[in-house]
Amino acid sequence: FELLNDPETIANIEESYDFKFMTIADYELKEKETKDVEDKLKGHSEILEKKIKEEEDTKKEVIAIRKEYETLMKNPLLGLENYCGSCKWG
């Protein structure tokens, strides 16, 4: 057990196995940071899901409006296919 308190032994173990020993306080701090990030990610995930749903709803609305637009543009009674907004009339 005395070897585990030797800084040189600890340094050799850390180097050999590519990991770092930390104090309980450091561990608890890292654990709290991880929990905070998980909570933040959960909140962002909920926002992302909401935005994705809004996008899907908007796409459905655009498709419906585009169909109506095409129907109106093809209607011979309205003659919209002949309209030229940039043309000089007269």
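Here the structure is a predicted model, which is why all the values come from computation and not from measurement.
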Quick one: side chains of residues 71-80, donor-acceptor pairs under 3.5 Å with protein atoms, not counting sequence neighbours, listed by atom name and distance.
unit_1	atom_1	unit_2	atom_2	d
T71	OG1	K67	O	2.9
N75	OD1	L77	N	2.9

Below 3.5 Å, can you tabulate the donor-acceptor pairs from side chains in residues 8-16 to any protein atom, sequence neighbours excluded?
unit_1	atom_1	unit_2	atom_2	d
T9	OG1	D6	OD2	2.9
N12	ND2	E8	O	3.4
E14	OE2	F21	N	2.8
S16	OG	N12	O	2.8

*Answer yes or no: are there more than 12 heavy-atom neighbours, outside Y17 itself, under 6.0 Å from its atom OH?*
no
*asked:* So, applying side-chain contact (heavy atoms from CB on, under 4.5 Å) with D36, which one of K40, K32, E33 is it?
replied: K32
Looking at [atom1] of [X] and [atom2] of [Y], how far apart are the two atoms once the value is rounded to the nearest 0.5 Å?
{"X": "E55", "Y": "L48", "atom1": "CD", "atom2": "CG", "result": "10.0 Å"}
{"X": "L41", "Y": "T34", "atom1": "CG", "atom2": "OG1", "result": "11.0 Å"}
{"X": "E56", "Y": "E54", "atom1": "CD", "atom2": "CD", "result": "11.0 Å"}
{"X": "T58", "Y": "K60", "atom1": "OG1", "atom2": "NZ", "result": "10.5 Å"}

*All side-chain hydrogen bond (donor to acceptor under 3.5 Å, both in side chains) counterparts of K53, not counting sequence neighbours*: none
